[in-house]
Amino acid sequence: MAVRSPGRLAGLAALAPIAWGAYSALSADHDAPLPEALPGRRRVLDAPTAGRLAYYEDSEPGPGTSAPPLVLLHSVNAAASSYEMRPLFERYRGRRRVYGLDLPGFGFSERSRRRYTPDLYAAAIIEFLEGVVNPAQGADLVALSLSAEFAALVALRRPELVRRLVLIAPTGFEANARGIRRARELGRSGRIRRVLTVPGLAQPLFDLVVSRPSIRYFLAQQFERGAPGPDLLRYAWATAHQPGARHAALAFLSGELFTPEIRWLAYERLRLPVLVLYDRSANTSFEMLPVLLRSRDNWQAARIGPARDLLHWERPAETVAEMDEFFREEMLPVEVGGEGQLEGAW
């Protein structure tokens, strides 16, 4: 077997980033076909702050229900989309008015190059609730992972728009020491963002993060048992290969979308009913959740497992049962069917 010299190996290593950059610029697909994420009708709202907001709706709740609208908020990550909320949309459609919102920078919503912050996401949700959902009635919000922080900010700032919150695997419940460390790390997020947005570096870096092996690996971390289904993998790859897909994702990777000490700033100040659904998480911890449950009567939690962050995919029946008990509304019986299929090979 031939032994390569250290100098030659170093030269090959130096060429690897150049080769990947050339692949990103010349061969990577940055405008892949993107199907509908949810089975409802897709509409668009031109919001004054958030810009173009795409959303899905099923506005035929059937007779005999007085439940308020249900708004589903997907997580935020490099390949996030409303497809993450598909199991809940499918199980509640026909039972009550259901909406799935594409957050700024994701899905069919605006993906322009701009500053993505928690305030932008909170404003987007507020403008959606004001512009689409009946503000006088209010809505129930179901938020996944980091979007739980945005939903809490909305409920705190505009309590008349939100009746109840369901938070699935929410961030922000790390122990105090870890929260302080994270706050210090986030103080450097502006510098990290500037590095991640250097011309010629941002797109190749993002293409590496959202390659098929990378998406498969990170999605697998969200499941306790087994691998994510091929439809979820295909949609995650497709939504991450759209024009402008990197902008919000790189803001997430910089840490700027997290709110330091969100537990003190928002969670503990909420007065509306809140349900937390959780088990294990690859992204966060729930060490301080019991403290909040003991001190706030309006908070409750249910552990559903074995599961990880996408517990509504792994344990849909248990998830819906806990949500129905929390809502305590008269709704039509649900028929549990198969997940929608997405064309194309993975």
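Along the sequence shown, residues are numbered consecutively beginning with 1.
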On a heavy-atom basis, the closest approach of A248 and G105 is CB-CA, 3.8 Å
Report the distance from atom NE2 of H241 to atom CG of L34, rounding to the nearest 0.5 Å. 12.0 Å
Using 0.5 Å steps for rounding, measure from the CZ atom of R43 to the OG atom of S59. 7.0 Å
Show the numbers, then the answer: is there a side-chain contact (heavy atoms from CB on, under 4.5 Å) between V274 and Q300? CA-CA 6 Å; V274 183; Q300 57 182 285; over 6 Å; no
Between Q137 and P69, is there a donor-acceptor pair closer than 3.5 Å when you use the side chain of the first and the backbone of the second? no
Which heavy atom of G305 sits nearest a heavy atom of D279, and at what distance? CA-OD2, 3.5 Å
Salt bridge between E224 and R280, side-chain N to carboxylate O under 4.0 Å? yes
Answer yes or no: is there an ion pair linking D119 with R157, defined by an N-O contact shorter than 4.0 Å? yes
Is R96 positioned over the aromatic face of F327, cation under 6.0 angstrom from the ring centre and no more than 45 degrees off axis? yes
Taking L141 as the starting point, is it possible to reach L272 by hopping between hydrophobic residues whose side chains are less than 4.5 Å apart? yes
Output, in order, the C-alpha distance, side-chain angles, deciding distance and verdict of side-chain contact (heavy atoms from CB on, under 4.5 Å) for F89 and L70. CA-CA 9 Å; F89 194 96; L70 183 67; over 6 Å; no
Between Y56 and A37, is there a donor-acceptor pair closer than 3.5 Å when you use the side chain of the first and the backbone of the second? yes
Looking at side-chain heavy atoms only, is the closest gap between L72 and Y92 below 4.5 Å? no
Return yes if a side-chain donor-acceptor contact under 3.5 Å exists between Q222 and N283, otherwise no. yes
For F106 and Y121, take the angle between the two ring planes, folded into 0 to 90°, and tell me which bin it lands in: parallel under 30, tilted 30 to 60, perpendicular over 60. tilted
Looking only at heavy atoms, what is the nearest atom pair of L165 and A151, with distance? CD2-CB, 4.0 Å
Taking atom types as modelled, find out whether E268 and S295 have a side-chain donor-acceptor pair closer than 3.5 angstrom. no
I'd like to know if the side chain of D140 reaches the main chain of P68, judged simply by a donor and an acceptor atom lying under 3.5 Å from each other, with no hydrogens or angles considered. no
Is there a path of hydrophobic side-chain contacts, each under 4.5 Å between heavy atoms of I, L, V, M, F, W or Y residues, that connects F252 with L153? yes
Quick one: pull up OG in S81 and CG in L38 and give me the separation to the nearest 0.5 Å. 8.0 Å
In this structure, would F326 and L144 fall into the same cluster of hydrophobic residues linked by side-chain contacts under 4.5 Å? yes
Is there a donor-acceptor pair closer than 3.5 Å between any side-chain N or O of T117 and the backbone N or O of L120? yes
Run the side-chain contact (heavy atoms from CB on, under 4.5 Å) check on F128 and V133 step by step: do they pass? CA-CA 7 Å; F128 170 75; V133 183; 4.0 Å; yes
Closest approach of A282 to D309 (non-hydrogen atoms, all atoms of both residues): N-OD1, 3.0 Å
Working to the nearest 0.5 Å, report the span between CZ of R111 and CZ of R52. 9.0 Å
ILVMFWY network linking L275 to V320, side-chain heavy atoms under 4.5 angstrom: yes
Does the E149 side chain pair with the main chain of P118, one donor and one acceptor, at a distance under 3.5 Å? no
Is there a donor-acceptor pair under 3.5 Å between the side chain of S109 and the backbone N or O of A54? yes
Closer than 3.5 angstrom, by distance alone: can the side chain of R97 be matched with the main-chain N or O of E57 as a donor-acceptor pair? no
Sub-3.5 Å donor-acceptor pair from the side chain of H30 to the main-chain atoms of A245, do we have one? no
At what distance, to the nearest 0.5 angstrom, does CG of L292 lie from CH2 of W264? 10.5 Å
Side chain D102, main chain F108, donor-acceptor under 3.5 Å: yes
What I'd like to find out is whether the side chain of R246 reaches to under 4.5 Å of the side chain of L205, using heavy atoms alone. no
Interatomic distance, T239 atom OG1 to R234 atom CZ [nearest 0.5 angstrom]: 15.0 Å
Connected via hydrophobic side-chain network under 4.5 Å: V209 and I215: yes
Chi angles and distances behind the side-chain contact (heavy atoms from CB on, under 4.5 Å) call for L101, S82: CA-CA 7 Å; L101 175 62; S82 290; 5.7 Å; no
If every non-hydrogen atom of P33 is compared with every non-hydrogen atom of P35, which pair is closest and at what distance? O-CD, 3.7 Å
Would the distance check show the side chain of W313 and the main-chain N or O of R86 forming a donor-acceptor pair, the cut-off being under 3.5 Å? no
Give the ring-plane orientation class for Y267 versus F173, where under 30° counts as parallel, over 60° as perpendicular and anything between as tilted. parallel
Less than 4.5 Å apart, any side-chain heavy atom of I125 and any of V71? no
